K.L.:
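Let me begin by handing over the structure; questions about it come next.
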Amino acid sequence: MTYSIKEVDVSRIYLANNNPRHDPIENEPEIIQYLITHEKIKPLARHIANAGHTSPLERIAVIAHPKVKNAYITAEGNRRICALKLLADPDKADTEANKRYFRSLSLLMANPPGKLDAVVFSNIQAARPWMSLRHEGEQGGVGTRPWIPKQTARFNAQGDNAQKPNIQASL
């Protein structure tokens, strides 16, 4: 097996500077600035703050940091880790307005998650097939397959907070 599940301290996870979401970026403050500006970190952080945690259906994936002992680099979950870092330390934000925004969100959380269950891969190559399944579409049925509108409507019609409860009559 090329991976294990381990509880990892968020403060020991570094954002990947060579992430597919952006061209290589040398340092974490610049990565944070890029992600805030281009990758919708603010709504993600708001959702995490309101929920009190990240989605329990999705784990972060990391690899060991090559230079920092007992530290990791994200393989999967750069956006989520960025949001968690900003909730834990709003002063990491790039502008005063963004710092105020993340401070207001951090007040919604009694305890921002300090530790997460993470999938620790032996190296980035071991993580790539799993990342591909998540990010590169259906791939003949083995990758993540989005719902079609009818399936979304069925889902939204179920449960205590059903949206459009009469929708199934038209399906």
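Quick note: residue numbers are just sequence positions, from 1. The shown structure was predicted, so the numbers you read here are calculated from the model rather than taken from an experiment.
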K.L.:
Where do I5 and R59 come nearest, in terms of heavy atoms and distance?
P.N.:
CD1-NH1, 3.5 Å
K.L.:
Would you say I73 and I13 are hydrophobically clustered, going by side-chain heavy atoms of ILVMFWY under 4.5 Å?
P.N.:
no
K.L.:
Would L108 end up clustered with V10 when hydrophobic side chains under 4.5 Å apart are linked, directly or stepwise?
P.N.:
yes
K.L.:
F102 and A45: which non-hydrogen atoms are nearest, and at how many Å?
P.N.:
CE2-CB, 3.6 Å
K.L.:
Report the C-alpha distance between E76 and W130 in whole Å, list the side-chain angles of each, state the deciding distance to 0.1 Å, and finish with yes or no for side chain to side chain contact (heavy atoms under 4.5 Å, CB included).
P.N.:
CA-CA 9 Å; E76 172 59 32; W130 305 107; over 6 Å; no
K.L.:
Give the minimum heavy-atom separation between I41 and I36, together with the two atoms involved.
P.N.:
CG1-N, 3.8 Å
K.L.:
For D9 and G114, work out which heavy atoms get closest and say how close.
P.N.:
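Looking at all heavy atoms of both residues, the shortest contact is OD1-O, 3.1 Å.
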K.L.:
Looking only at heavy atoms, what is the nearest atom pair of M109 and H53, with distance?
P.N.:
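Minimum heavy-atom separation between M109 and H53: CE-N, 4.4 Å.
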K.L.:
Under a single-linkage definition using a 4.5 Å side-chain heavy-atom cutoff for Ile, Leu, Val, Met, Phe, Trp and Tyr, are M131 and L133 assigned to the same hydrophobic cluster?
P.N.:
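Shared cluster, yes.
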K.L.:
Could you grab the distance from atom CD1 of I25 to atom CG of L15, nearest 0.5 Å is fine?
P.N.:
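I25 atom CD1 to L15 atom CG measures 9.5 Å (nearest 0.5 Å).
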K.L.:
Report yes or no: do V62 and V119 belong to one cluster of Ile/Leu/Val/Met/Phe/Trp/Tyr joined by side chain heavy-atom distances under 4.5 Å?
P.N.:
no
K.L.:
Distance alone, cut at 3.5 Å: any donor-acceptor contact between the side chains of Y14 and K85?
P.N.:
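K85 and Y14 do not have a side-chain donor-acceptor pair below 3.5 Å.
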K.L.:
If you round to the nearest 0.5 Å, how far is CG of L105 from CG of L87?
P.N.:
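Separation between the atoms: 6.0 Å.
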K.L.:
Do the rings of Y3 and F121 sit parallel, tilted or perpendicular, given the 30° and 60° boundaries?
P.N.:
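Taking F121 first and then Y3, their aromatic rings sit tilted (interplane angle of 30° to 60°).
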K.L.:
Relative to each other, are the rings of H22 and Y34 parallel, tilted or perpendicular (30° and 60° limits)?
P.N.:
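Rings of H22 and Y34: perpendicular, as their planes differ by over 60°.
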K.L.:
Can you tell me if E138 and T144 form a side-chain donor-acceptor pair at under 3.5 Å?
P.N.:
no
K.L.:
Take D91 and R103 through the salt bridge (Lys or Arg N to Asp or Glu O under 4.0 Å) test and state the conclusion after the steps.
P.N.:
CA-CA 8 Å; D91 287 335; R103 277 187 204 113; 2.4 Å; yes
K.L.:
Ignoring hydrogens, what is the shortest heavy-atom contact between A16 and N78? Give both atom names and the distance.
P.N.:
N-OD1, 2.9 Å
K.L.:
Working to the nearest 0.5 Å, report the span between CD of E7 and NZ of K115.
P.N.:
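Taking CD in E7 and NZ in K115, the distance rounds to 5.0 Å.
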K.L.:
Would you give the length of the straight line joining atom CG of L35 to atom CD1 of I31, rounded to the nearest 0.5 angstrom?
P.N.:
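Rounded to the nearest 0.5 Å, the CG-CD1 separation comes out at 7.0 Å.
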K.L.:
Is there a continuous path of hydrophobic side-chain contacts, each under 4.5 Å between heavy atoms, that joins I63 to I60?
P.N.:
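No, separate clusters.
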